[in-house]
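What follows is one structure encoded as structure tokens, with my remarks underneath.
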Amino acid sequence: MNSYEFIKNEAGKTLIACTYRQNGKSYLGILDDVQGSFSLLDIPFTDIDNIASWNDYLYVEGASAVHPSSVAKVTLDGRKVVDFKICWSSSSDCLKYESYFSQPELIEFPTVVPGQNAYAYYYPPTNPLYQASQEEKPPLLLKSHGGPTAETRGILNLSIQYWTSRGWAFVDVNYGGSTGYGREFRERLLDCWGIVDVDDCCSCAKFLLENGKADKERLCITGGSAGGYTTLAALAFRDTFKAGASLYGVADLNLLKAETHKFESHYLDKLVGDDKAFFDRSPINFVDKFSCPIILFQGLEDKVVPPDQARKIYKALKEKGLPVALVEYEGEQHGFRKAENIKFTIEQQMVFFARLIGRFNVADPITPIKVDNFD
């Protein structure tokens, strides 16, 4: 991860090409530390991961709402961009489907704390071949990112476009505690994981409802890892969502603390708090509070969130009589890598939501898995 490079201008003077993020967007510019000046460079990427220089060119690894992760060659004339050329793309042929792409809208919404706002990327349903009825609001899938102190970014994600091209609205939330919006925003999650993230996700859904962007009876939530925890906590401790999907999500904070890998072994200390907080914010301890359908996906070789977590929540919900399904993958770890499993996961979420709360048939030929207490 390289955020700056030393470069020479036409007069041989050393300058610094650098990138930074502010309010959910990446910027690229030229810094003259002697003069104390900074010049922004205009390029199509809104998200930048790496920069490097070679033979008077800058090479930028980045993406945007219409560009998948790519490497671009940037030609400079002084402190201006005179040419921007994609020289490698992670998915070069996907641009032929650009008419199907839903463009993300950065939204700022009020939280439960007066005067505090949080952020999200809202993707409206988009398909050039279909037009929805004016009388029907779309189902909404809200995603809670992992980390939990990570950040979701408004770049081209075909997994999101899968939903929006099939009539769903999709919102990707940067709850309090996410990076990219300043230190005060990131520190909102200290001692408050399981509270601030859950409240912000619910507040975002309510904000979209109030603005006519979604159907109240078809609000769904999904997330992986820490996002899976936020999903389960939202379903256990709030009544905003009608169904959810947890991908290798945390159900028991104490179990996570005891069994997770060494690198993150003390990560939770500042995020949760005392022993009482670890118990009170663990969804597995309050199964009686769950009241809607849930589908769980788990890799059997996961060392970060071991399979026991998903199995415990599945068993408890099954015994309670709620519609629930568990999908376990041999050979998968924390985050799914095999294409067939990634595809199966997103398709089974779609058909699960459609059958349980969506009131529609999916367009794709998907064979649903058995849902306990439903099939």
Side-chain angles (χ1 to χ4, degrees), residues 1 3-4 18-29 38 40 45-49 62-65 104-123 140-155 157 160 170-211 213 221-234 237-238 240-241 249-250 253 264 266-274 277 281:
M1 296 173 66
S3 60
Y4 68 93
C18 57
T19 178
Y20 66 95
R21 285 186 70 75
Q22 189 172 35
N23 292 332
K25 184 179 178 182
S26 294
Y27 297 89
L28 178 67
F38 183 78
L40 274 176
F45 288 163
T46 57
D47 191 272
I48 299 171
D49 289 323
S64 73
E105 173 192 348
L106 178 62
I107 61 172
E108 185 174 353
F109 59 90
T111 69
V112 295
V113 179
Q116 279 192 357
N117 291 344
Y119 305 89
Y121 291 100
Y122 171 75
Y123 298 79
L140 173 75
L141 182 59
L142 182 145
K143 181 183 176 185
S144 172
H145 66 70
T149 54
E151 175 192 8
T152 192
R153 301 185 173 193
I155 60 177
N157 182 334
I160 293 176
F170 193 103
V171 65
D172 211 351
V173 180
N174 276 317
Y175 47 77
S178 306
T179 191
Y181 296 87
R183 183 182 296 272
E184 181 278 327
F185 190 83
R186 182 167 52 81
E187 291 183 345
R188 290 182 192 176
L189 207 60
L190 297 182
D191 291 331
C192 292
W193 189 30
I195 298 175
V196 167
D197 50 319
V198 173
D199 283 341
D200 286 359
C201 286
C202 294
S203 294
C204 182
K206 292 173 183 175
F207 175 80
L208 293 173
L209 282 178
E210 291 167 0
N211 285 273
K213 302 288 190 182
I221 184 171
T222 187
S225 188
Y229 166 69
T230 302
T231 293
L232 293 173
F237 304 128
R238 307 290 187 276
T240 303
F241 300 98
V250 179
L253 291 174
E264 290 186 325
H266 294 284
Y267 184 33
L268 303 185
D269 294 354
K270 287 188 175 181
L271 292 176
V272 181
D274 59 20
R281 297 183 208 162

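Remember, it's a predicted structure, so these values are computed and weren't measured experimentally.
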What are the two closest non-hydrogen atoms of [X] and [Y], and how far apart are they?
X: Leu142; Y: Ala205; value: CD1-N, 4.1 Å
X: Tyr122; Y: Val171; value: CA-CG2, 4.2 Å
X: Ala65; Y: Thr46; value: N-OG1, 4.3 Å
X: Leu253; Y: Leu268; value: O-CD1, 4.0 Å
X: Cys192; Y: Asp197; value: O-OD1, 3.9 Å
X: Pro148; Y: Ala226; value: N-CB, 3.6 Å

Taking [X] for its side chain and [Y] for its backbone only, find out whether a donor-acceptor pair lies under 3.5 Å.
X: Arg281; Y: Ile195; answer: no
X: Tyr123; Y: Gly154; answer: no
X: Thr19; Y: Tyr27; answer: yes
X: Ser144; Y: Gly223; answer: no

Supply the atom-to-atom distance [X] [atom1] to [Y] [atom2], rounded to the nearest 0.5 angstrom.
X: Ile48; Y: Ser3; atom1: CD1; atom2: OG; result: 10.5 Å
X: Leu106; Y: Glu108; atom1: CG; atom2: CD; result: 7.5 Å
X: Thr222; Y: Leu141; atom1: OG1; atom2: CG; result: 5.5 Å
X: Leu271; Y: Trp193; atom1: CG; atom2: CH2; result: 7.0 Å
X: Ile221; Y: Arg238; atom1: CD1; atom2: CZ; result: 10.5 Å
X: Phe185; Y: Gln116; atom1: CZ; atom2: CD; result: 8.5 Å

Review point. Can you name the residues that form a side chain to side chain contact (heavy atoms under 4.5 Å, CB included) with Asp191, not counting sequence neighbours?
Key: none
**Study point:** Tyr121, Tyr181, Tyr119 screened by side-chain hydrogen bond (donor to acceptor under 3.5 Å, both in side chains) with Asn174, the one that passes
**Key:** Tyr181
I want to check something: taking the side chain as every heavy atom from C-beta on, are [X] and [Y] in contact at a cut-off of under 4.5 Å?
X: Val113; Y: Val196; result: no
X: Phe45; Y: Ser26; result: no
X: Tyr267; Y: Thr149; result: yes
X: Lys213; Y: Leu140; result: no
X: Phe38; Y: Tyr20; result: yes
X: Leu208; Y: Ile107; result: yes

Point to revise | Exceeds 12 heavy-atom contacts within 6.0 angstrom, atom OH of Tyr4 | key: no
**Study point:** Salt-bridge contact Asp47-Arg21 (side-chain N to carboxylate O under 4.0 Å)
**Key:** yes
**Study point:** Carboxylate-amine/guanidinium contact Arg188 Glu184, below 4.0 Å
**Key:** yes
Check your understanding: Given Val173 and Phe109, is the side chain to side chain contact (heavy atoms under 4.5 Å, CB included) satisfied, shown in steps?
Key -> CA-CA 10 Å; Val173 180; Phe109 59 90; 4.2 Å; yes
